[in-house]
**Q** 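Sharing a structure here in C-alpha cells format.
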Amino acid sequence: MSVLDDYLVHPGLSLLDKTRIQAQVLVPLLQALRAELGKERADAIVRPALRDWSKQVFAAVGNGVEGSPRRKWAAMHTALADITEPEVTVEMRRHDEDALEFDVTACRFAAFFRALGEPDLGALLICENDFDIAAAGAGEVGLTRDQTIMQGAPSCTFRYKFASR
C-alpha cells in the first residue's frame, strides 16, 4: 500500500502507463483546442487547469500522511521514487541531513512526450508534480531544478534543501 495509490488509480498500474492513458485523452483535446483557439490561448487555458489539478491532488495526498511537513514530503517522495524507478536513471550527488541532490540522466516519460511532440504537456503532468510534493514540506523542504530532460536538457537537476531541525 502506497500513499500514492489513489493518485495512480490502481496500484497495479505503472505511472508510465497511467501517463499514457492520460495522454490518449489530453493530446487530442489539446490539439482540438489549439486548432480552435490558437496555441497560445489553448495552452493558457490548459496549463493552469492541469497545475491546479496537480496541486490539489498532492495537497490531498499530503493531508492523508501523519506527521510533520517533512515527514509528509518524505512519504510522498519515497512513494514517487519507488514508482518512477523503473522509468528513470538517477545519479546521486548528495544525501545528508541538509540536502538531497540527484540528477535524472535518462527518463522514459520525457522520451514518451517528446515522441508525441508534447514535452510541455509532459512537463505539466510529470515534472511539475515534484514541486507539488515539495510543497507538502511546508517550508521544511525546498526544491530547485534548473533543467529537465523533458524540456531538452541532458539531465534533470533535483536539488532539495532541508530546514534545520
Side-chain angles (χ1 to χ4, degrees), residues 2-9 13-31 33-34 39-40 42-62 69 72-95 99-138 140-162:
S2 165
V3 299
L4 296 180
D5 282 351
D6 287 342
Y7 168 69
L8 286 173
V9 181
L13 189 64
S14 78
L15 183 56
L16 184 58
D17 287 339
K18 176 188 185 268
T19 302
R20 287 179 176 137
I21 293 166
Q22 289 173 321
Q24 286 178 344
V25 174
L26 290 173
V27 169
L29 177 62
L30 186 57
Q31 289 171 343
L33 286 170
R34 286 174 177 162
K39 183 178 184 341
E40 187 174 310
D43 290 356
I45 293 169
V46 171
R47 181 174 188 73
L50 290 176
R51 289 299 301 128
D52 288 347
W53 166 78
S54 180
K55 289 175 185 178
Q56 290 172 7
V57 165
F58 289 105
V61 171
K72 292 174 184 290
W73 167 81
M76 293 167 60
H77 175 78
T78 299
L80 188 63
D82 289 346
I83 61 175
T84 58
E85 184 178 19
E87 316 305 343
V88 299
T89 302
V90 174
E91 290 183 11
M92 189 60 63
R93 301 287 182 212
R94 177 180 175 189
H95 190 191
L100 171 62
E101 300 179 355
F102 59 91
D103 295 341
V104 171
T105 58
C107 176
R108 291 180 64 198
F109 299 101
F112 172 71
F113 280 102
R114 292 179 68 75
L116 289 177
E118 292 292 345
D120 291 339
L121 180 61
L124 287 170
L125 292 176
I126 299 297
C127 304
E128 296 298 317
N129 295 345
D130 300 309
F131 292 99
D132 301 330
I133 291 171
E140 294 181 20
V141 178
L143 170 62
T144 58
R145 186 175 54 219
D146 294 331
Q147 62 185 35
T148 65
I149 296 169
M150 191 79 71
Q151 299 301 96
S155 66
C156 306
T157 55
F158 287 80
R159 303 298 183 259
Y160 290 95
K161 300 291 181 207
F162 306 127

**Q** For Glu87, is there an ion pair with Arg108 - N to carboxylate O distance below 4.0 angstrom?
**A**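 A salt bridge links Arg108 with Glu87.
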
**Q** Hey, could you give me the CD/CG distance between Gln24 and Leu116, rounded to the nearest 0.5 Å?
**A** 10.0 Å

**Q** Hey, could you give me the CD1/CG distance between Ile21 and Leu26, rounded to the nearest 0.5 Å?
**A** 12.0 Å

**Q** Ignoring hydrogens and geometry beyond distance, is a side-chain donor-acceptor pair present between Ser54 and Asn129 at under 3.5 Å?
**A** yes

**Q** So, does Lys72 use its side chain to make a donor-acceptor pair with the main chain of Gly62 at under 3.5 Å?
**A**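 Yes: the side chain of Lys72 pairs with the backbone of Gly62.
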
**Q** Once you round to the nearest 0.5 Å, how far does CD of Glu91 lie from OG1 of Thr157?
**A**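 With rounding to 0.5 Å, CD (Glu91) is 12.5 Å from OG1 (Thr157).
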
**Q** Roughly how far, to the nearest 0.5 Å, is the CZ atom of Arg34 from the CG atom of Asp43?
**A** 4.0 Å

**Q** Any idea how Phe158 and Phe102 line up, ring-wise: parallel (<30°), tilted (30 to 60°), or perpendicular (>60°)?
**A**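 Rings of Phe158 and Phe102: parallel, as their planes differ by under 30°.
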
**Q** Would you check, one step at a time, whether the test salt bridge (charged side-chain N to carboxylate O under 4.0 Å, His left out) holds for Arg159 with Asp103?
**A** CA-CA 9 Å; Arg159 303 298 183 259; Asp103 295 341; 2.8 Å; yes

**Q** As an exercise, state the distance from CZ of Arg47 to CG of Leu124, rounded to the nearest 0.5 Å.
**A**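 Nearest 0.5 Å value for the CZ-CG distance: 4.5 Å.
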
**Q** Indicate whether any N or O donor in one side chain lies under 3.5 Å from an N or O acceptor in the other, for Gln56 and Asp132.
**A**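 There is no such pair between these side chains.
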
**Q** Taking all non-hydrogen atoms of both residues into account, name the closest pair between Arg145 and Glu128 and its distance.
**A**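 Closest pair (atom of Arg145, atom of Glu128, distance): NH2-N, 4.2 Å.
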
**Q** Is the number of heavy atoms from other residues, nucleotides or ligands under 6.0 Å of Glu85 CD greater than 12?
**A**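 Result for CD/Glu85: open.
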
**Q** When rounded to the nearest 0.5 angstrom, what distance separates CG in Leu30 from CG in Leu50?
**A** 8.5 Å

**Q** Looking at every heavy atom in both Phe112 and Thr19, which two are closest together, and how far apart are they?
**A**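 Closest pair (atom of Phe112, atom of Thr19, distance): CE2-O, 4.4 Å.
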
**Q** Is the Trp73 to Phe58 ring centre distance short of 6.0 Å?
**A**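 For Trp73 and Phe58, the ring centres are not under 6.0 Å apart.
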
**Q** Looking only at heavy atoms, what is the nearest atom pair of Pro69 and Gly137, with distance?
**A** CB-O, 3.1 Å

**Q** Show the nearest heavy-atom pair for residues Thr148 and Cys156, with the distance to one decimal.
**A**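 Smallest interatomic distance, heavy atoms only, reads CA-SG, 3.6 Å.
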
**Q** Would a 4.5 Å heavy-atom cut-off, applied to side chains only, mark Val90 and Thr105 as touching?
**A** no

**Q** Looking at Cys127 and Met150, what are the two nearest heavy atoms and their distance?
**A** SG-CB, 3.7 Å

**Q** Considering only heavy atoms from C-beta outward, does the side chain of Tyr160 approach that of Thr144 to under 4.5 Å?
**A** no

